[in-house]
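Working notes, structure below.
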Amino acid sequence: MKRNIYDLGDGEFAAAIAATAFAICSLEENAGSQYQTKTRRPVIRPAEAAPMRRTSTMNRKTSAEIVTITPAANDKMQKGISRVSRNAENKADAWEKAQIAKIRKRHDELLSALLAWENEKKMMAKQHMERRKNQVELALKRNLQHYKNKLARINHIAKGARTQAEEKRRYEETTVKEKSNKIRSTRTGPVTCYCF
């Protein structure tokens with residue numbers, strides 16, 4: 001069953017008409033603002049205030065006509081101005097939201113670029129540290145092997161020196177024993193030479 005537009009409640013019908021009118025006005029303003037330059041709107045004074053004077057376009061020098069604005073016309077103009085101001089506020093709000101969205105998007109892109117840079121640098125630093133660690137371990141192994149080789153060489157030299165010292169001691173002891181045996185057999189003391 002199809003509902004008739006006029007079956008809507010007064011509030012719904014008025015809201016539908018207002019929304020349609022707002023959409024049409026927005027479209028007209030957007031289309032008109034592309035081709036028109038901005039003009040200043042005259043200040044409108046209510047009828048209770050002093051009447052406005054406007055010079056006639058036919059004869060500016062001599063006559064001036066007085067235009068009074070009735071309260072009903074003033075209300076219409078005020079509604080028009082308030083609609084324009086609402087539209088301006090809506091445009092300002094939309095512009096502000098768009099600019100904030102751009103700023104946030106740019107900020108998010110910057111943060112993601114910083115995060116990517118940070119992760120890349122951390123990864124490179126970790127790889128460098130691992131390389132250095134491997135180099136240090138290799139150098140440590142080399143140093144340890146060099147140390148072991150030095151110890152082995154020192155032990156070999158020391159062992160050879162000990163053997164030579166032991167042989168020299170035995171040789172000297174043998175010569176002393178031979179001399180002492182010779183002295184015993186000849187019954188003379190050791191000969192010392194005091195030559196000058």
Side-chain angles (χ1 to χ4, degrees), residues 15 18-40 81-196:
T20 306
F22 177 75
I24 291 170
C25 287
S26 297
L27 289 173
E28 287 175 351
E29 286 179 7
N30 287 340
S33 66
Q34 293 174 356
Y35 302 107
Q36 294 176 354
T37 59
K38 292 185 178 180
T39 58
R40 287 187 137 189
I81 290 171
S82 66
R83 185 181 337 143
V84 169
S85 66
R86 270 188 275 133
N87 287 339
E89 287 176 9
N90 290 339
K91 283 183 182 180
D93 290 342
W95 178 84
E96 180 185 7
K97 287 178 183 177
Q99 293 301 316
I100 288 175
K102 283 181 188 177
I103 290 168
R104 287 186 178 163
K105 182 181 177 187
R106 194 168 51 235
H107 179 72
D108 291 342
E109 289 173 355
L110 177 65
L111 287 181
S112 65
L114 284 173
L115 183 63
W117 177 84
E118 179 185 14
N119 290 337
E120 180 185 359
K121 292 299 180 183
K122 283 181 179 179
M123 184 181 67
M124 289 175 63
K126 186 175 182 179
Q127 288 175 348
H128 184 69
M129 186 261 313
E130 290 294 328
R131 255 186 267 125
R132 293 295 299 246
K133 185 178 176 183
N134 290 339
Q135 290 174 352
V136 166
E137 288 175 357
L138 185 62
L140 186 64
K141 287 179 183 177
R142 286 179 186 162
N143 285 340
L144 185 63
Q145 186 63 39
H146 185 69
Y147 172 72
K148 286 179 180 178
N149 290 342
K150 267 189 172 182
L151 284 181
R153 192 170 66 243
I154 290 170
N155 285 338
H156 178 70
I157 292 171
K159 184 178 179 183
R162 273 194 297 270
T163 351
Q164 282 181 353
E166 189 66 29
E167 287 176 6
K168 187 176 181 181
R169 181 189 59 85
R170 272 193 242 132
Y171 173 75
E172 288 175 354
E173 284 179 356
T174 309
T175 53
V176 166
K177 283 184 183 178
E178 286 176 3
K179 281 185 182 182
S180 67
N181 286 337
K182 191 175 184 185
I183 291 172
R184 280 189 201 115
S185 63
T186 58
R187 305 245 175 208
T188 57
V191 177
T192 56
C193 181
Y194 297 105
C195 303
F196 292 93

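One is the number of the first residue; the rest follow in order along the sequence.
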Separation between NE2 (H146) and CG (L151), nearest 0.5 Å, reads 10.0 Å

Step by step, work out the side-chain contact (heavy atoms from CB on, under 4.5 Å) result for Q135 and R132. CA-CA 5 Å; Q135 290 174 352; R132 293 295 299 246; 3.6 Å; yes

Separation between OG1 of T174 and CG of N181, rounded to the nearest 0.5 Å: 11.0 Å

Between the side chains of K182 and E178, is the shortest nitrogen-to-carboxylate-oxygen separation below 4.0 Å, so that they form an ion pair? no

Working to the nearest 0.5 Å, report the span between CZ of R170 and CD of E167. 6.5 Å

Student check: side-chain heavy atoms of E96 and I100 closer than 4.5 Å: yes

Heavy-atom distance under 4.5 Å between the side chains of N149 and Q145, does that happen here? yes

Between NZ of K133 and CG of L140, what distance do you get to the nearest 0.5 Å? 12.5 Å

At their closest point, which heavy atom of E172 faces which heavy atom of T175, and how far apart are they? O-OG1, 2.7 Å

Polar side chain donor-acceptor pair, R131 to N134, under 3.5 angstrom: no

Determine whether Q127 and E130 make a side-chain contact, defined as any pair of heavy atoms from C-beta on separated by less than 4.5 Å. no

Report, as yes or no, whether the 6.0 Å neighbourhood of atom CE on M124 holds more than 12 heavy atoms from other residues, nucleotides or ligands. no

Hey, could you give me the OG/CG distance between S112 and L110, rounded to the nearest 0.5 Å? 8.0 Å

Spacing of H156 atom NE2 and I154 atom CD1 [to the nearest 0.5 Å]: 12.5 Å

Do W95 and Q99 touch side chain to side chain, with heavy atoms closer than 4.5 Å? yes

Student check: side-chain heavy atoms of R142 and L138 closer than 4.5 Å: yes

